[in-house]
Amino acid sequence: MEEDKKIRTDSGIEVRSVYSKPSGMEEAPGKYPFTRGVQPEMYRSRLWTMRQYAGFSTAEASNKRYHYLLNQGTTGLSVAFDLPTQIGYDSDHELAEGEVGKAGVAIDSLQDMEILFNGIRLEDVSTSMTINSTASILLAMYVAVARQQGADLKKLRGTVQNDILKEYAARGTYIYPPRESMRIITDIFEYCSRELPKWNTISVSGYHIREAGATAVQELAFTLADGKAYLQAAIEKGLDINVFARRVSFFFNAHNNLFEEVAKFRAARRMWAQITQELGATEERAMMLRFHTQTGGSTLTAQQPHNNIVRVTLQALSAVLGGTQSLHTNGFDEALALPTEHAARIALRTQQVIAHESGAAQTVDPLGGSYYIEQLTNEVEAAAWDYIRRIDKMGGAVAAIEAGYIQREIAASGYAYQRDIENGEKVIVGQNAFTVEESPFGDLHAVDESARERQLARLKELRSRRDAAAHAGSLEALASAARDGSNLMPRILAAVEAYATLGEIADTLRGVFGEYQG
């Protein structure tokens, strides 16, 4: 917004960018420890990035949805990958049967990635990829497509989730043992610091921790503990915290308790600023916690699904009031199936209404100074520090995960929450209270069941025409790099550009690192 253009309420009252206590002694937005936000003007100068998480069936089908979302006003893409892609299996692997294209898009090779982004200039869009065990391979494919387009890699903007610790703790799509996985992650840090300076090399994810049953406090504590472990691993690799910490981002959940969620987001910034400073950061940009938010998938109900529009609105509002940098809003029908275009459009419009009609974006940290919010922020922070101190005593997040501590804490909270729903202490509107007789909900998104056959045909054709010598040589070089400790990313990129498949690359690393049996 133009600096000289005054912002007013509908009654004509001028809205200041920042509101202060009379003493003026509270923290300023954009300043350490960033409780009130990472930018002095926040959304008055730039709105959050509006992403819609999408990916299903084949690359062609997902590409069509991306063009639709961009035409509807989405300002960033967010890619969902199917389960075989997430755990390093090609679509023709026996374990992929029944899963190809179901939870996201199937990506087997660079050829699929070329189709996925057909007609989309990668220099012009910010792309988030929700991928962990195979993050290095998918990032290499993205870079390869950008190189084909003649893009300046130093201008590429986006995020690769690349958060393997939460997979061991809460989600399960891991491949290699934890310490080998940490090696791959720090290789990505090192490579991107040279080649993709604007790319967020990790999105430390509390989202899946929360979906697995954690409370807001546990989500905050376990996520920051994981983030601390990544910082320590990068420092041990010799990377400068003032450089690489700038490219660390976070991915949080937003559930229905509006005020607790706002307090969580405010506390997260303050805590991360302290963690980075204690580990040696001296520049404020390296201490800033920037985060993406997704509304809570586990809060959606299959009963009376239109109620989910209200839930998503509350959750999205909490993210905005809490100062998110990026936001995805779930479709109201996602408890039943992947979202239809209709549901995706309503979800996007929810963000646009909050941005342009609610007034929530007109001032920084609108709830700052509220007795309740300030006290709740302090209490959420104190409870999260208690968890982090316990984890530190165990030797950090990796050791705590290996001991099963974080998993047990999440499971206990999830059990207690479900028990409260079943005995009626926790009211879920339309599910255990205010219920009605309902007909089966129609107009659901249907995944193309022929996706696997189409992927198998494409794989067969690819393997018949690629340069066999270049393909074999690239995988041999990758195995050698895995054994000798050199950075894996250049070798993975070379294998991708030789049209080695995702499964072949993952299997090469399995041959050196082994598989984790959790």
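Computed from heavy atoms alone, side chains included, the values below leave out hydrogens, waters and symmetry copies.
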Counting N and O atoms only, with roles assigned by atom type, does the side chain of Gln351 sit under 3.5 Å from a partner on the main chain of Leu327, one being a donor and the other an acceptor?
yes

Intermediate values then yes/no, side-chain contact (heavy atoms from CB on, under 4.5 Å), Leu47 and Thr75
CA-CA 10 Å; Leu47 290 173; Thr75 54; over 6 Å; no

Please answer whether the main-chain N or O of Leu165 pairs with a side-chain N or O of Tyr230 as donor and acceptor at a distance below 3.5 Å.
yes

When you compare the side chains of Gln315 and Asn256, does any donor N or O come within less than 3.5 Å of an acceptor on the partner?
yes

Over 12 non-hydrogen atoms of neighbours within 6.0 angstrom of CZ in Arg51:
yes

Any side-chain donor paired with an acceptor under 3.5 Å for Gln218 and Ser413?
yes

Show, in sequence, the C-alpha distance, side-chain angles and deciding distance for Arg266 and Glu374, and conclude whether the salt bridge (Lys or Arg N to Asp or Glu O under 4.0 Å) test is met.
CA-CA 9 Å; Arg266 297 174 89 247; Glu374 296 297 348; 3.1 Å; yes

Enter the distance from Leu348:CG to His328:NE2 here, rounded to the nearest 0.5 Å.
10.5 Å

Worked verdict on Asn132 versus Gln86 for side-chain hydrogen bond (donor to acceptor under 3.5 Å, both in side chains):
CA-CA 7 Å; Asn132 298 284; Gln86 293 180 46; 5.8 Å; no

Distance alone, cut at 3.5 Å: any donor-acceptor contact between the side chains of Asp82 and Thr85?
yes

CG/Asp10: more than 12 non-hydrogen atoms of other groups inside 6.0 Å:
no

Residues forming a side-chain contact (heavy atoms from CB on, under 4.5 Å) with Ser181, sequence neighbours excluded
Ile164, Tyr168, Tyr176

Quick check: are there more than 12 heavy atoms from other residues, nucleotides or ligands sitting under 6.0 Å from NZ of Lys237?
yes

Does Ser326 offer a backbone N or O that forms a donor-acceptor pair with the side chain of Thr49 under 3.5 Å?
no

Could you check whether any side-chain heavy atom of Val204 comes within less than 4.5 Å of a side-chain heavy atom of Val248, counting everything from C-beta outward?
yes

Rounded distance [0.5 Å steps], CZ in Arg290 versus OG1 in Thr324
11.5 Å

Could you give the distance from OH (Tyr66) to OG1 (Thr127), rounded to the nearest 0.5 Å?
8.5 Å

Quick one: which of Glu278, Arg270, Gln277 gives a side-chain hydrogen bond (donor to acceptor under 3.5 Å, both in side chains) with Gln274?
Glu278

Measure from the side-chain N and O atoms of Asn308 to the backbone N and O of Arg311, and report whether any donor-acceptor pair falls under 3.5 Å.
no

For a quick check under 3.5 Å, do Ser45 and Gln39 share a side-chain donor-acceptor pair by atom type?
no

Quick one: CZ on Phe189 to CZ on Arg247, what's the gap to the nearest 0.5 Å?
12.0 Å

side-chain contact (heavy atoms from CB on, under 4.5 Å), that's the test. Do Val18 and Arg36 meet it? Break it down for me.
CA-CA 10 Å; Val18 180; Arg36 303 199 64 193; 3.6 Å; yes

Closer than 4.0 angstrom, basic N to acidic O: yes or no for Glu27 and Arg269?
no

So Asn330 and Gln294, do their side chains get closer than 4.5 Å, heavy atoms only?
yes

To the closest 0.5 Å, what do you measure between CG (Leu116) and CG (Leu138)?
9.5 Å

Check whether any side-chain N or O of Arg246 sits under 3.5 Å from a backbone N or O of Asn242 as a donor-acceptor pair, and report yes or no.
yes

Please determine if Glu261 and Lys264 form a salt bridge, counting it only when a charged side-chain N lies under 4.0 Å from a carboxylate O.
yes

Would you call Ile406 and Glu409 a side-chain contact if the rule is heavy atoms closer than 4.5 Å?
no

Could you go through Phe332 and Leu300, starting from their C-alpha distance and side-chain angles, then the distance that decides it, and tell me whether this counts as side-chain contact (heavy atoms from CB on, under 4.5 Å)?
CA-CA 7 Å; Phe332 69 85; Leu300 303 179; over 6 Å; no

Where the side chain of Ser358 meets the backbone of Ile354, is there a donor-acceptor pair that is under 3.5 Å apart?
yes

Do Phe222 and Leu220 touch side chain to side chain, with heavy atoms closer than 4.5 Å?
no

Under a plain distance cut-off of 3.5 Å, with no hydrogens placed, do Gln362 and Arg8 share a side-chain donor-acceptor pair?
no

Given side chains that start at C-beta, do those of Cys192 and Leu139 come closer than 4.5 Å, heavy atoms only?
yes

Do the side-chain N and O atoms of Thr201 and Asn162 include a donor-acceptor pair separated by under 3.5 angstrom?
no

Tyr516 versus Ile175: any side-chain heavy-atom pair under 4.5 Å?
no

ring-ring contact (aromatic ring centres under 6.0 Å, His included) partner of Phe291, the single match among Phe251, Tyr207, Phe265
Phe265

Residues Leu239, Glu190; criterion side-chain contact (heavy atoms from CB on, under 4.5 Å); working and verdict:
CA-CA 7 Å; Leu239 301 181; Glu190 185 178 55; 4.1 Å; yes

Stepwise salt bridge (Lys or Arg N to Asp or Glu O under 4.0 Å) check, Asp386 with Arg390
CA-CA 6 Å; Asp386 284 345; Arg390 273 176 263 169; 5.2 Å; no

Would you confirm whether the ring centroid of Phe34 sits within less than 6.0 angstrom of the ring centroid of Trp272?
no

Atom CZ in Arg157, atom CG in Leu122: separation rounded to 0.5 Å?
11.0 Å

Quick one: does any side-chain atom of Glu195 pair with a main-chain N or O of Leu153 as donor and acceptor, under 3.5 Å?
no

Are Gln161 and Ser203 close enough that a side-chain donor and a side-chain acceptor fall under 3.5 Å?
no

Do Tyr174 and Ser133 have side-chain heavy atoms sitting under 4.5 Å apart?
yes

Measure the acute angle between the ring planes of Trp199 and Tyr142, then classify it against the limits of 30° and 60° as parallel, tilted or perpendicular.
tilted

Mind checking what makes ring-ring contact (aromatic ring centres under 6.0 Å, His included) contact with Tyr372, not counting sequence neighbours?
Phe259

